[in-house]
Structure formats: structure tokens, C-alpha cells
Amino acid sequence: MDIEKLIKKAIKSSNKALSESESKLFLKEYGISVINETVTKSIEETVKAAEETGFPVVVKGLGAKLLHKTELGLVHLNLTDSQSVENAAILISEKGGDELEGFLIQPQLKGKREFVAGLFQDDQFGPVVMFGTGGVFAEALSDVTFRIAPLTKTDAKQMLDEIKAHALLGNFRGENAADLDLLIDTLLGLSRIGLEHPDVSEIDINPLIISPDGSVCAVDALVLLDKETRNQYLPAVNPVSIRSIFYPDSIAFIGASAQIGKWGYTLVVNTASGGFKGKMFLVNPKGGTIAGRRVYKSVSEIPDKIDLAVVTIPASRVLDLIPQLKEKNIKNMLLITSGFAETGEEGRKLEKDLVKKAEAAGILVLGPNTMGICNPHTDFYCTGSPVQPMAGSTAVVAQSGNMGVQLLAFADQQGIGIRGFCGSGNEAMVTIEDFLDGFEMDSLTNTVMLYIESVKNGRRFFESAKRVGKKKPVVILKGGQSNAGNKAAASHTGALTTDSRVFDAVCRQAGIVKVEQPMDLLDLAAAFSSLPLSKGNRAAIMTIGGGWGVVTADLCSQFGLEVPELSPEIIKRIDKILPPYWSRSNPVDLVGENDTSIPMTVKEELLKWDGCDAVINLGILGRRIFIEHFTDSVLKADPSYSSDFLKSVNESMAKFESQYIDHIAKLMEIYKKPVFGVSLLTDENDKTVYKVKDNSFKPIFFQTPERAVKAFSKMYEYQRFLDRT
């Protein structure tokens, strides 16, 4: 079969599709099992072919333009004799009209299990393979999963496991289990087609039938074609250039202002107050002084070398600034100014002109329409908000500047250290993909945290995230996840596809840890930067209240974690610590014991236990606040207790909590298992992350059980990705 010739012919035609017969011959070339069938041109030939095939048979109308044959009445099933075949062929001839090219005769398969497989070319991510529950209810059930080509055998196997109806692939109602190798070959074949034939826009195999003996067969297939169209992508930015933006020794604030509330004032004040150790030069045509600093009337007046230009002048004047920056040999521009592509067609044109002019001048533009950047490791805080998080290992990039600085403020409150932050703005030149490449090479970055709404180059984003994810976690919150509409309506493959589903597939395949809420980002930033990775999903739960433990166990089940039964050995060891009436089960209820040594010793016994991979402890930290409230009540109601005594009670509990935090850090160092804490109560002094001297791991405490369980679940999800690579 000359595939290339067939495809070129179809593309030149008005329908841009292969007939069903041609589609199956094409798929067969790629190792996909298809049904044996006969093509006929007349009613007489059809009857003869049916007799030779053996009854019962299926008769279909054949034609490249006949895309929805069942709906058009062009499919007749389970025909048991020659007369019924002739009658069916007559009806098909009438309904098919001028678009009918012939007939297809197939044996009637007996399989009860119908699936769907397909391929489409996504505008951003390229070829995407789909698999799911098929038949006439494919769209109604919408039980499908996706992967980006190229697929590995592991990817294909995971697709089979992910659908809700995966049990149908096993032994089912007297029928043998599906031949998984044939199903995997089908998905790998679709993947190869997607890579080798970008002019194949869509493939739909429905139904893909599992026969009683377990064999797999494509009964119906559709291949749609189109000329290859390539998106124009921005060139990749050298990671060294990305790094230089975060390490300026001198900054020119172009558009500096003396008026509170203006960007040209806010950025100057925030940068200076943050302790920036480099040189700062203010530029405004009016000259004079601002905040006690000399103001230069133009960039050319500045006597020193400038590493970074922070620009806040109106959008209409930015292009005229480029020659001045070039003359001054300024290579980096942080363009805060809005009024570009985000405003509409005129703004998009202005942004394109800016990029063209900046590229010619050798200037790298970050933005426009950005909230700014910061690098706590050098006390460089050049953002529109006065937040100054402490130095750490979590890099943050946000396509929404407001979302980004809000995350920084929360991180500062919760003791989560930040490697660096950038509001990427419109990404006219520097994109999310560039930041991924930059943070991949950065030794100070242990976790990459992203808030994104779209990507400029989907395929590059996928490949970069997958590569980075093998070295350090990439955690993403995706905005704008509502369905943006179907990719196409010509097939089930198109009808079942949405932007959010494809992006979810990208995350699963690339090892991206995708979260649903902003606080989830921070919780995982805390967990990944502070705890050892869990090797498995088995949780030991330790609680000061039975109900809390039950709820946490339920949450574990909900998020794919196991709560194993305690072994006889560990029950015996804990028997020596707790009173006889403890539950002897997981969760371990400390039964309200006030001896502060008990949670420490039980915690260590659980971490020693080979039957768990992590410990969730509930309510140990935060009793200090409860005790403070109680002693305050005693002081007011019972004069027989002195204030000094009650103060000593509070101090004793505060000391225990400090020791408990240190103890957890040491235990994680010894046993290399994570401990997820949940506080009983919190106040303004409490944080999520607690630094402990001379320990590589840091205890973390969440405010609710669900946050602890979700963090454990996502960390385990990432560990599974690492195990696969």
C-alpha cells in the first residue's frame, strides 16, 4: 500500500478523508489489528461476498464523505442470509446517494466489550493519543484518557489502567481477558502515525472490539487529513541570560516617579527597602530628586554600566527607548508597563514591533505587563508589592502578577523560602518554557512552582517540564480550565477532547504535580522543600482524638493512600507505651494521655515500622494554645492557683512543642520518612515550616487534615513518576 500517495490524493480532494476501507489498510501498516473485510461495487457483488464471508455479516455503505454512517442509516448489523444482505444493500444505495462509493462486508463479531481509540493533532502539544470506552455511548460516558506522542509501552499501559471501565479488559462474564499486547500495539501505532504523518489531523477507531477469546479488532475506522500547519514559536532564551536578570549589580528605573501610588515610585521604594546592595539609578526627563536620590534626565546621563532597565513609562514611548538602551549597552529590560497584547489587536501589533526592535538591538525583554521579579538570596525585591519572602529553594513564576505576589506573601507568613520569583506578564520574549530551562540548571532551585493560564509552545513546555521533573518537582496551578470547546466534531476522538483534558494528560505524562487551589501550591512548596519523599503510599496515623483519626483515614482512601493494619510486632511495642485500653489499630489514638513523652516515643515506633511509608500526626502541636486558654480561665475563676504557677504550665507546654519539633526533624533524618503534621490550634506565631538547626529536613504542620493528606498524595504521585523514569 502506497500510504503517501493515498494521503496526498485525499488531501487534494474536497473531503480530506480516507474511506473506511482505506483507513483500516492504513492502520494495518502500523501494526493495528483490523477486521477482515471485502469491498464491493454492486449489490450482486455484495451478496456474493457475504456468502463467501459466512453469515452473520455486517454491510456498510462506503465513501470518504460518509463520516457518520450509523446516523445516516448506512450500517446494517447481524444479517443472517442473502436476502437480508440484498435488502440492506438496496437501502444503503438509496440513502448513500451520489456520495456512495461501494459497500463493505464484514463478519459479525460477537464481542460484548467495545472501546474507542484515536489520535488528533493538538494546536499546542502536537499529536495526542486517546483511549476509552467506545460504542454508541462513547460520548455520553466520556470515559477516556489521553497521552502526548511519542508513547512508551508504560504510557500505553497506564492509559488502559486509567479508564473507569478498565475492569472490562480482564476476564468478563465468561469471556477471556483482553490481549493487552494488542491494545498496547494499537496505541503505539497511533503514536507513530501522529509523529510520522503530521498531515493526519484525526483518527477515530470506534468500536475497537474485544472478542470472547480476548483478541482485539478495529471494526470501524476514520482517518481525517489536512495539510501540515506549523505554529511560529519564539526562539528559546539562553538560561544564562535568564539568570542574569535575577542578579543585577546596577538598575536603571526608567519612569521613576515621586508620587506615591505610581509604579515608578513603588518599585524604587520596594527595591531600596528590601536591602538591594547594588547601584540604583532613577531616570525621569524632569530630573531633580526622588526619595533622596538624584534623578537623571536620560539613560545616557548615567555614568555607570547598567545591568537591568526597569521600565514603567507609557507603552507608546517604549519603542523609542530601545535605541537609548542599545547605545548604553543595556541587555535586559524588565517591562512593567501594560498596554500591549493584553489590550487587543492594536496592542498586539505594538508588542510584535517591540520584540522585533528589541531582538535587533540585542535586548531581552521580560514582560510586558509584569508585576516584577525578586531574588531573596541577594535581597533583590523589585515587585509591585512590598512583600519580602525569605531565601529558600522554591522558584515561583506566575502569569498573573497579582496571584504571584499573593503567593509570596503567604509563603512569607508560613516560613516557606523562595528561590526567586517572576511575574512573566505577556511573555513577549521570555516564556514559561524559558524559565523552566533556567531553573533546571539552577543549583539553588529544588522545587519549581508555576501559576499558568496558557503556554506559548506546548510541545516545548511538555518536553522541558518532563526533563526538569526528573531532577526536581514541577508544581502547577492551571487557571482557565473550563472547557474551551471541542477540537472537532467529525469523530468521537474530536468530540471527546477538551483543552483541560489534554493539559491533564501532559501533566501526568511529564510528571508535573498539578494542583487545584492556590494554597495547594504553597502546601506542596513546603512539603517538597522540607520533607523526604515517601517511597510508597502507606500512612500511619497518630492522633489525640479518635474522630480526627477516622476522618483522616477516610481522606487517605479518597486520595489514593493506604492505611494499613498494624502488625502484631508494632502493637506489642506500643502496648508498652500506651494504657491497655488503646485501640490497637491504625489510626493510633493516644487516648488523651498528658505525658509529653508518649507522642515522641509512639512517633518513633511508627517511623521504625516497615509497614508504613509516612506518618500523619494530628493535634500534638497547638495544645499550647489550648492550655493557654485554659490557664487563663483558671486564673479568672480559681484564685487558689497563682499566676506564676499557671505561667509555668504554659512555658512547660511551649518547651515541649519546641522539643517535639526538633524531635520530628531528627527522626526524619534517621528514618528518611516524611512526617505530615496537623496542628490542633494555630495563632499568629505558627507557621507551616519550622526550621531546625543542623537538619536537612524541616517539620511541617498544616491547619487541616485534608491539606496534610493531599500533600502526601501529591508527593507520592511525584515519586511514582520518578520510579517510572
Does the side chain of Val295 reach to within under 4.5 Å of the side chain of Val283, using non-hydrogen atoms?
->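 Not touching, per the 4.5 Å side-chain cut-off.
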Assess the side chains of Ser298 and Ser300: does a donor N or O sit below 3.5 Å from an acceptor N or O?
->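 The criterion, which ignores hydrogens and geometry beyond distance, is satisfied for Ser300 and Ser298.
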Lys/Arg-Asp/Glu bridge criterion (N-O < 4.0 Å) met for Asp434, Arg460 =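 The answer is yes: the pair qualifies as a salt bridge.
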So does Lys286 have more than 12 non-hydrogen atoms from other groups sitting under 6.0 Å from NZ?
->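 No, NZ of Lys286 has 12 or fewer neighbouring heavy atoms, counting only those of other groups under 6.0 Å.
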Determine the sole option in Lys710, Lys714, Arg707 for which the salt bridge (charged side-chain N to carboxylate O under 4.0 Å, His left out) test with Asp523 is passed.
->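 That would be Arg707; it is the only one of Lys710, Lys714, Arg707 passing the salt bridge (charged side-chain N to carboxylate O under 4.0 Å, His left out) with Asp523.
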Please check if any side-chain donor atom of Glu669 sits under 3.5 Å from a side-chain acceptor atom of Ser696, or the reverse.
->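 Looking only at side-chain atoms, Ser696 and Glu669 do form a donor-acceptor pair, the distance falling under 3.5 Å.
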Test: Glu345 and Arg348 ion pair at under 4.0 Å =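 Answer for the salt bridge query: yes.
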Keeping the roles fixed (side chain from Thr370, backbone from Leu366), state whether a donor-acceptor pair exists under 3.5 Å.
->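 No.
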Show your working on salt bridge (Lys or Arg N to Asp or Glu O under 4.0 Å) between Arg467 and Glu463 and close with a plain yes or no.
-> CA-CA 6 Å; Arg467 193 180 62 250; Glu463 292 171 351; over 6 Å; no
With the side chain counted from C-beta on, respond yes when Leu436 and Leu450 share a heavy-atom pair under 4.5 Å apart, and no when they do not.
->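 They are in contact (side-chain heavy atoms under 4.5 Å apart), so the answer is yes.
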Is the number of heavy atoms from other residues, nucleotides or ligands under 6.0 Å of Lys466 NZ greater than 12?
->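 Check passes, neighbour count above 12.
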Test item: Val675 and Leu531 side chains (from C-beta on) under 4.5 Å apart, heavy atoms |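 They are not in side-chain contact.
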Does a side-chain heavy-atom distance below 4.5 Å link Met333 with Ile322?
->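 SC-SC contact between Met333 and Ile322 confirmed.
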With side chain to side chain contact (heavy atoms under 4.5 Å, CB included) as the test, would you mind laying out the steps for Ser643 and Leu635 before giving the verdict?
-> CA-CA 7 Å; Ser643 59; Leu635 187 63; 4.0 Å; yes
Evaluation steps, side chain to side chain contact (heavy atoms under 4.5 Å, CB included), between Leu308 and Val310 = CA-CA 6 Å; Leu308 176 67; Val310 177; 4.1 Å; yes
Before giving the answer on side chain to side chain contact (heavy atoms under 4.5 Å, CB included), spell out for Tyr233 and Lys456 the whole-Å C-alpha distance, their side-chain angles and the decisive distance to 0.1 Å.
-> CA-CA 7 Å; Tyr233 297 121; Lys456 296 285 186 180; 5.8 Å; no
Phe461 and Val506, any side-chain heavy atoms less than 4.5 Å apart |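 Result yes, sub-4.5 Å side-chain heavy-atom pair found.
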Under the 3.5 angstrom rule, does the side chain of Thr271 hit a backbone N or O of Val268 as a donor-acceptor pair?
->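 Not at all, since once roles are kept as given, no pair shorter than 3.5 Å links the two residues.
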How long is the gap from CG on Asn650 to NZ on Lys655, to the nearest 0.5 Å?
->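 Answer for the CG-NZ pair, Asn650 versus Lys655, is 15.0 Å.
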Partner of Arg243 under salt bridge (charged side-chain N to carboxylate O under 4.0 Å, His left out), chosen from Asp437, Asp307, Asp442 =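 Only one option passes, and that is Asp442.
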Once you round to the nearest 0.5 Å, how far does CG of Leu267 lie from OH of Tyr381?
->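 Leu267 atom CG to Tyr381 atom OH measures 15.5 Å (nearest 0.5 Å).
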Around atom CD of Glu342, are there more than 12 heavy atoms of other residues, nucleotides or ligands at under 6.0 Å?
->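 Result for CD/Glu342: enclosed.
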Between atom CG of Leu477 and atom CD of Gln517, what is the distance when rounded to the nearest 0.5 Å?
->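 Between Leu477 CG and Gln517 CD, I get 7.5 Å after rounding to 0.5 Å.
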Taking atom CG of Leu621 and atom CD1 of Ile700, what is their separation to the nearest 0.5 Å?
->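 So the CG of Leu621 and the CD1 of Ile700 are separated by 12.5 Å.
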Do Asn446 and Arg419 meet the criterion of a side-chain donor-acceptor pair at a distance under 3.5 Å?
->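 The answer is no; no qualifying pair exists.
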When you look at NZ of Lys672, are more than 12 heavy atoms from neighbouring residues, nucleotides or ligands closer to it than 6.0 Å?
->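 Yes, the 6.0 Å shell around NZ holds more than 12 heavy atoms from other groups.
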Got a second to check how far Ile306's CD1 is from Ile254's CD1, nearest 0.5 Å?
->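 Between atom CD1 of Ile306 and atom CD1 of Ile254 there are 8.5 Å.
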When you look at NZ of Lys328, are more than 12 heavy atoms from neighbouring residues, nucleotides or ligands closer to it than 6.0 Å?
->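 Yes, the 6.0 Å shell around NZ holds more than 12 heavy atoms from other groups.
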Dump the intermediate steps for ring pair (Phe, Tyr, Trp, His ring centres under 6.0 Å) on Tyr247 and Phe380, then the final yes or no.
-> CA-CA 8 Å; Tyr247 282 89; Phe380 174 38; 8.9 Å; no
Hey, does the side chain of Glu301 reach the backbone of Lys297 with a donor-acceptor pair shorter than 3.5 angstrom?
->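 Judged by distance alone, yes, a pair lies under 3.5 Å.
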Between the side chains of Glu433 and Thr431, does any donor sit under 3.5 Å from an acceptor?
->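 Indeed, the side chains of Glu433 and Thr431 share at least one donor-acceptor pair under 3.5 Å.
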Using modelled atom types only, decide if a donor and an acceptor are shared between the side chain of Tyr718 and the backbone of Val475 within a distance under 3.5 Å.
->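 The answer is no, because no donor-acceptor pair under 3.5 Å joins these two groups.
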Polar side-chain atom of Ser273 near backbone of Asn270 as donor-acceptor pair, under 3.5 Å =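 Judged by distance alone, yes, a pair lies under 3.5 Å.
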Between Phe701 and Phe676, does the ring centroid distance fall short of 6.0 Å?
->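 Centroid separation for Phe701 and Phe676: 6.0 Å or greater.
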Ion pair check, Lys349 and Asp353, cut-off under 4.0 Å =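 Yes.
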Kindly determine whether Ser257 and Asn284 satisfy side-chain hydrogen bond (donor to acceptor under 3.5 Å, both in side chains), including the steps that lead there.
-> CA-CA 7 Å; Ser257 172; Asn284 188 301; 5.9 Å; no
Should Phe281 and Ser250 count as side-chain neighbours, where that means a heavy-atom distance under 4.5 Å?
->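 With C-beta onward as the side chain, the pair touches.
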Determine yes or no for a side-chain-to-main-chain donor-acceptor pair under 3.5 angstrom, with Glu453 supplying the side chain and Lys478 the backbone.
->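 Here the side-chain-to-backbone pair does not exist.
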So, does Ser529 use its side chain to make a donor-acceptor pair with the main chain of Ala526 at under 3.5 Å?
->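 Yes; judged by distance alone, with no hydrogens or angles, the pair exists.
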For Lys279, which residues count as a salt bridge (charged side-chain N to carboxylate O under 4.0 Å, His left out) partner, sequence neighbours excluded?
->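 Listed in chain order: Asp304.
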Got Tyr296 and Leu282 here, is their nearest side-chain heavy-atom distance under 4.5 Å?
->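 Answer no - side chains too far apart.
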Checking Asn695 side chain against Lys693 main chain: does a donor-acceptor pair fall under 3.5 Å?
->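 Yes, Asn695 side chain to Lys693 backbone: donor-acceptor pair under 3.5 Å.
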When you check the gap from the basic side-chain N to the acidic O, do Lys471 and Glu440 get nearer than 4.0 Å?
->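 Counted as a salt bridge, because a side-chain N and a carboxylate O are separated by less than 4.0 Å.
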Decide whether Gln388 and Asp412 meet the rule of one side-chain donor and one side-chain acceptor closer than 3.5 Å.
->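 Side chains of Gln388 and Asp412: no pair found under 3.5 Å.
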Going from CD on Gln414 to CG on Asp686, what distance comes out if it is rounded to the nearest 0.5 angstrom?
->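 With rounding to 0.5 Å, CD (Gln414) is 9.0 Å from CG (Asp686).
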Under 3.5 Å, side chain of Ser534 to main-chain N/O of Ala614, donor-acceptor pair present?
->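 Flag not set: sc Ser534 to bb Ala614 has no pair under 3.5 Å.
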Please answer whether the main-chain N or O of Glu427 pairs with a side-chain N or O of Ser424 as donor and acceptor at a distance below 3.5 Å.
->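 No, Ser424 side chain to Glu427 backbone: no donor-acceptor pair under 3.5 Å.
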More than 12 heavy atoms of other residues, nucleotides or ligands under 6.0 Å from CE of Met390: is that the case?
->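 Buried by this count: over 12 neighbours within 6.0 Å.
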Do Lys636 and Asp632 touch side chain to side chain, with heavy atoms closer than 4.5 Å?
->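 Side-chain contact under 4.5 Å: yes.
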Residue pair Ile476, Val513: steps toward the side chain to side chain contact (heavy atoms under 4.5 Å, CB included) verdict | CA-CA 6 Å; Ile476 286 182; Val513 182; over 6 Å; no
